[in-house]
Amino acid sequence: MQTRRLRDLTVSAQGLGCMGMSEFYGTGDQAEAERTIRRALDLGVTFLDTADMYGPFTNERLVGSAIAGRRDEVVLATKFGNQRNPDGSRLGINGRPEYVHSACDASLERLGVDVIDLYYQHRVDTSVPIEDTWGALAELVEAGKIRCAGISEAAPDTIRRADAVQPVTAVQTEYSLWTRDPEDDGVLAVCAELGIGFVAYSPIGRGFLSGQIRSIDDLEPDDFRRHNPRFQGENFVRNLQLVDRVREIAEDKGVTATQLALAWVMAQSDRSGNPAVVPIPGTKRVAYLEENAGAADVELTEDDLRRLDEAAPRGATAGDRYPDMSSVHR
């Protein structure tokens, strides 16, 4: 697995999103999840992404358990800001400086590590000046508790203001063939301008771009995608047409639709004017991890990229990314 540079942090060119191992995507299996994380490290997929809210709290413990004895191999990213109770109820978005410090200490304990490599503000708290939140992150860097700071789902102006207080190492936002928003809203451009890395979550469109989801009934009853607008009614039908166009191109290249979707995201690093782009596909099974890792070997020609742009042009996806979009792009 090659590496990419997110500002001052070197990471594997593809990471692993661990969220679904604990929540949101149906029933989890801790033993299989830990095997998946260890297999990722064996394959050179060493950039692991978690958050305190996943579980809540259980995903950090899972990741910490899986990397025990192999900490030096891992670039570890976690997040704060989406505050939840242990029973899963949500308390809202919290960017207060004192909370940043307490959340970091709690994450360090759950992960069983001395330092977090990349600590993200998960969502922007509009009730707190971004300068105050990022002042706390600067203090954590100075204290040696975190190496680098990042931000998720932030607007370009917010990114600039944060970067003026403490260098932003990475911006994490949803990005894939069916979510081209960062190309249009200025996020990719501001990252390139300031030298900030870009981390793409849900690069397979929450699994939709794999082509394996043909009906809402393919999802488990407690899968949160059942409530996602893109998986509903006419939106589902329209988006399935986009997926089938992508799958045809994948078949022509002799790869899976998943691998093609991931290769497209990875190829954005090589496009003029873009920052370094690193996808973090999520999975909870070894077999899917190995399929995802194979995307690193898929070479896309200019003709391939043109065909994909035609198959999944900007704005082609039907439906919002979330049922409630109020907490993103602040």
Side-chain angles (χ1 to χ4, degrees), residues 6-12 15-24 28 30 33-34 36-37 40-41 45-68 70-84 86 88 90-91 93-95 97 99-125 133-134 136-141 143-154 162 166 168-174 197 199-202 278-284:
L6 302 176
R7 200 166 198 164
D8 44 2
L9 188 67
T10 299
V11 302
S12 52
L16 173 62
C18 299
M19 178 185 79
M21 297 174 178
S22 300
E23 193 180 14
F24 300 112
Q30 175 144 340
E34 291 194 20
T36 300
I37 292 172
L41 302 186
V45 179
T46 56
F47 183 32
L48 305 183
D49 184 272
T50 181
D52 57 3
M53 74 161 286
Y54 302 157
F57 313 124
T58 56
N59 196 244
E60 288 184 325
R61 294 191 186 99
L62 185 156
V63 171
S65 175
I67 67 173
R70 303 183 69 173
R71 174 66 179 96
D72 291 346
E73 300 175 49
V74 176
V75 177
L76 185 59
T78 191
K79 313 177 195 73
F80 73 91
N82 275 320
Q83 194 173 6
R84 297 177 72 183
R90 295 176 184 261
L91 297 172
I93 298 171
N94 194 339
Y99 179 73
V100 178
H101 282 276
S102 64
C104 180
D105 288 341
S107 287
L108 287 167
E109 182 177 359
R110 284 188 292 266
L111 290 162
V113 300
D114 296 324
V115 62
I116 295 163
D117 297 306
L118 177 57
Y119 197 41
Y120 290 103
Q121 181 176 5
H122 205 166
R123 292 291 186 269
V124 176
D125 183 350
T133 303
W134 275 70
L137 286 168
E139 291 168 356
L140 290 174
V141 172
K145 294 182 178 181
I146 69 173
R147 291 195 171 97
C148 304
I151 195 166
S152 180
E153 293 288 1
Q166 163 67 31
V168 178
T169 293
V171 171
Q172 185 179 135
T173 295
E174 185 174 350
V199 176
Y201 76 82
S202 295
V278 177
I280 50 167
T283 185
K284 51 189 177 182

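Everything numeric in this text was worked out from a predicted model, so none of it was measured. For this chain, numbers begin at 1 and follow the sequence in order.
Of the candidates Leu137, Ile146, Val199, Val171, Val199 is the only one forming a side chain to side chain contact (heavy atoms under 4.5 Å, CB included) with Tyr120. A side chain to side chain contact (heavy atoms under 4.5 Å, CB included) with Asn59 is found for one member of Met53, Arg110, Met21, Glu23 and no other, namely Met21. Under the side chain to side chain contact (heavy atoms under 4.5 Å, CB included) test applied with Val11, the options Ile280, Val45, Val75 reduce to a single match, Val75.
Within the 4.5 Å cutoff, the side chain of Leu118 has heavy atoms near those of the Phe47 side chain. Side-chain contact between Asp49 and Tyr201 is absent, with no heavy atoms from C-beta onward closer than 4.5 Å. Counting heavy atoms from C-beta outward, Phe80 and Cys104 have side chains that stay 4.5 Å or more apart. Contact check for Arg71 versus Leu76: side-chain heavy atoms found under the 4.5 Å cut-off. Considering only heavy atoms from C-beta on, Ile93 stays 4.5 Å or farther from Val124 through its side chain. By the 4.5 Å heavy-atom criterion applied to side chains, Val100 and Glu139 are not counted as neighbours. Counting only heavy atoms from C-beta outward, the side chains of Lys145 and Asp105 approach each other to under 4.5 Å. The shortest distance between side-chain heavy atoms of Tyr119 and Leu108 does not fall below 4.5 Å.
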Apply side chain to side chain contact (heavy atoms under 4.5 Å, CB included) to Val74 and Val113, showing your working.
CA-CA 11 Å; Val74 176; Val113 300; over 6 Å; no
Could you go step by step and tell me if Cys18 and Leu62 meet the side chain to side chain contact (heavy atoms under 4.5 Å, CB included) rule?
CA-CA 9 Å; Cys18 299; Leu62 185 156; 5.9 Å; no
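For the atom pair OG1 of Thr46 and CD1 of Ile37, the computed distance is 13.0 Å after rounding to the nearest 0.5 Å. Taken from OG in Ser22 to NZ in Lys284, the straight-line distance is 9.5 Å, to the nearest 0.5 Å. With values rounded to the nearest 0.5 angstrom, Leu41 atom CG is found 11.0 Å from Thr36 atom OG1. From Gln172, atom CD reaches atom CD of Glu153 across 8.5 Å, with rounding to the nearest 0.5 Å. One distance of note links CD1 of Ile151 with NZ of Lys79; it measures 13.0 Å at 0.5 Å rounding. The distance from the CZ atom of Arg147 to the CG atom of Leu140 is 14.0 Å, given to the nearest 0.5 Å.
For Glu73, the CD atom is densely surrounded, since the number of other residues' heavy atoms within 6.0 Å is greater than 12.
Formation of a donor-acceptor pair under 3.5 Å by the Ser65 side chain with backbone atoms of Arg61 is not found in this model. With hydrogens and angles ignored, the 3.5 Å screen pairs no side-chain donor or acceptor of Thr169 with any backbone N or O of Cys148. Arg90 contributes no side-chain N or O that, together with a main-chain N or O of Asn82, makes up a donor-acceptor pair within less than 3.5 Å.
Of all non-hydrogen atoms in Gly95 and Asp125, the two that sit nearest each other are N-OD2, 2.9 Å. Among all heavy-atom pairs drawn from Ala40 and Leu16, the shortest one is CB-CD2, 3.9 Å. For the residue pair Pro281 and Gly15, the shortest heavy atom distance occurs at CD-O, 3.4 Å. Nearest heavy-atom pair, Pro56 versus Pro86, reported as atom, atom and distance to 0.1 Å: CG-O, 3.8 Å. Tyr99 approaches Gly81 most closely through the heavy-atom pair CE2-N, 4.1 Å. When every heavy atom of Val168 is checked against every heavy atom of Gly150, the shortest pair comes out as CG1-CA, 4.4 Å.
Between the side chains of Ser202 and Glu174, no donor N or O sits under 3.5 Å from an acceptor N or O. Side-chain atoms of Thr78 and Asp52 form no donor-acceptor pair, as typed in the model, at a separation below 3.5 Å.
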